[in-house]
Amino acid sequence: MTGRAANPLPIFLILISLSACTPKSENKLPPDPATFQSLEEPVRTPNDMNQRQALPPPQKSGKIDVDLTKMNANMIYSYIFEMVVDPDTYTGKTIKVNGFFYTVVDDDTGERYFAVIIPDALACCKQGMEFKWLGEHTYPDDYPQQDQEITITGTYRTDIMEGDISYSYLEVSELSILK
């Protein structure tokens with residue numbers, strides 16, 4: 001035989017990997033120009049901290065400073081990442097976010113924690129944000145069920161734990177269950 005047929009496996013693997021990384025069009029939200037300047041703007045990642053390109057600063061637009069409910073999954077990820085690495089910029093700002101309710105109990109202390117879990121565009125890499133609901137609320141009576149979709153609005157806070165470790169959370173004033 002003078003010629004060999006090309007092995008289709010590498011081509012097949014490339015096509016599969018490309019199709020797996022493409023978000024579904026129905027998951028994309030149109031950009032909200034009032035919330036950010038451009039999707040083309042670079043965002044910092046853990047690997048390029050020395051070449052930091054900051055996100056647009058939070059906009060003071062009435063009651064809500066950063067409305068993550070009007071952003072696409074990439075922008076939400078970018079903003080939450082920015083909040084974690086630069087909490088001082090967001091401390092005291094009012095944040096609104098959609099996600100799924102999650103609760104867990106610390107086995108050592110018995111303390112219950114609450115979070116909103118935000119899936120990315122492909123629903124493979126979730127992010128979470130702890131929240132503390134203001135007022136008198138009893139779990140489980142006043143809280144959503146585990147994995148129920150919610151919208152929360154609150155003030156971004158940063159506290160210092162023992163050992164000078166800082167952590168951030170959302171001090172929630174409004175919680176609504178989405179149906």
Side-chain angles (χ1 to χ4, degrees), residues 23 25-45 52-104 111-123 125-161 165-179:
S25 61
E26 64 267 11
N27 289 341
K28 287 188 176 182
L29 297 175
D32 181 6
T35 308
F36 58 92
Q37 296 168 355
S38 167
L39 284 176
E40 309 306 319
E41 199 169 314
V43 177
R44 73 179 178 191
T45 64
R52 179 176 181 203
Q53 297 291 324
L55 291 170
Q59 302 284 319
K60 193 80 165 156
S61 59
K63 186 179 178 202
I64 298 172
D65 297 309
V66 179
D67 190 346
L68 299 174
T69 65
K70 295 185 178 185
M71 296 181 191
N72 69 26
N74 293 331
M75 287 303 295
I76 293 169
Y77 178 86
S78 298
Y79 265 94
I80 291 177
F81 180 81
E82 182 76 11
M83 287 179 203
V84 170
V85 297
D86 188 14
D88 293 339
T89 299
Y90 295 92
T91 298
K93 304 289 184 190
T94 302
I95 312 291
K96 183 176 181 182
V97 62
N98 284 344
F100 296 92
F101 176 75
Y102 183 76
T103 184
V104 65
E111 188 171 349
R112 181 172 293 279
Y113 295 94
F114 303 100
V116 59
I117 304 297
I118 307 133
D120 69 340
L122 298 174
C125 307
K126 299 175 183 176
Q127 300 179 81
M129 183 181 296
E130 181 185 355
F131 71 86
K132 297 177 182 180
W133 196 4
L134 295 173
E136 297 294 321
H137 305 285
T138 306
Y139 183 81
D141 300 336
D142 299 326
Y143 284 83
Q145 294 178 2
Q146 190 86 321
D147 296 322
Q148 196 165 15
E149 193 171 5
I150 61 172
T151 298
I152 58 175
T153 304
T155 305
Y156 194 74
R157 301 282 185 216
T158 303
D159 281 343
I160 304 294
M161 297 171 34
I165 298 171
S166 68
Y167 79 99
S168 301
Y169 62 94
L170 204 56
E171 191 176 68
V172 171
S173 56
E174 297 176 32
L175 185 151
S176 59
I177 298 170
L178 301 177
K179 298 190 185 213

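Here Val104 pairs with Tyr102, Tyr113 under the side chain to side chain contact (heavy atoms under 4.5 Å, CB included) rule; sequence neighbours left out. The side chain to side chain donor-acceptor pair (under 3.5 Å) check on Ser168 picks up Tyr156, Thr158, with sequence neighbours excluded. In this structure Tyr143 satisfies the side chain to side chain donor-acceptor pair (under 3.5 Å) test with no other residue, sequence neighbours excluded. For Thr103, the side chain to side chain donor-acceptor pair (under 3.5 Å) test picks out Arg112, with sequence neighbours left out. Applying the side chain to side chain donor-acceptor pair (under 3.5 Å) criterion to Asp141, with sequence neighbours excluded, gives no partner residue.
Going from atom CD1 of Ile80 over to atom CE of Met129 covers 4.5 Å, rounded to the nearest 0.5 Å. Atom CE of Met75 sits about 14.5 Å away from atom NZ of Lys70, to the nearest 0.5 Å. Note that NZ of Lys96 and OG1 of Thr69 are 4.5 Å apart. Values are rounded to the nearest 0.5 Å. To the nearest 0.5 Å, atoms CG (Asp67) and OG1 (Thr153) are separated by 7.5 Å. One distance of note links OG1 of Thr155 with CG of Leu170; it measures 7.0 Å at 0.5 Å rounding.
Side-chain contact between Leu68 and Met83 is present, with at least one heavy-atom pair separated by less than 4.5 Å. Looking only at side-chain heavy atoms (C-beta outward), Gln145 and Ile177 stay at 4.5 Å or farther from each other. The shortest side-chain heavy-atom distance between Phe101 and Phe131 falls under the 4.5 Å cut-off. With contacts defined as side-chain heavy-atom distances shorter than 4.5 Å, the pair Glu130/Tyr167 qualifies. Side-chain atoms of Asp142 and Leu175, non-hydrogen and from C-beta on, never get closer than 4.5 Å to each other.
Of all heavy-atom pairs spanning Asp65 and Lys93, the tightest one is OD2-CA, 3.1 Å. Nearest approach of Asn98 to Val116, heavy atoms of both residues: C-CG2, 4.1 Å.
Sequence neighbours left out, the pairs with a member in residues 148-158 that pass salt bridge (charged side-chain N to carboxylate O under 4.0 Å, His left out) are Arg157-Glu171.
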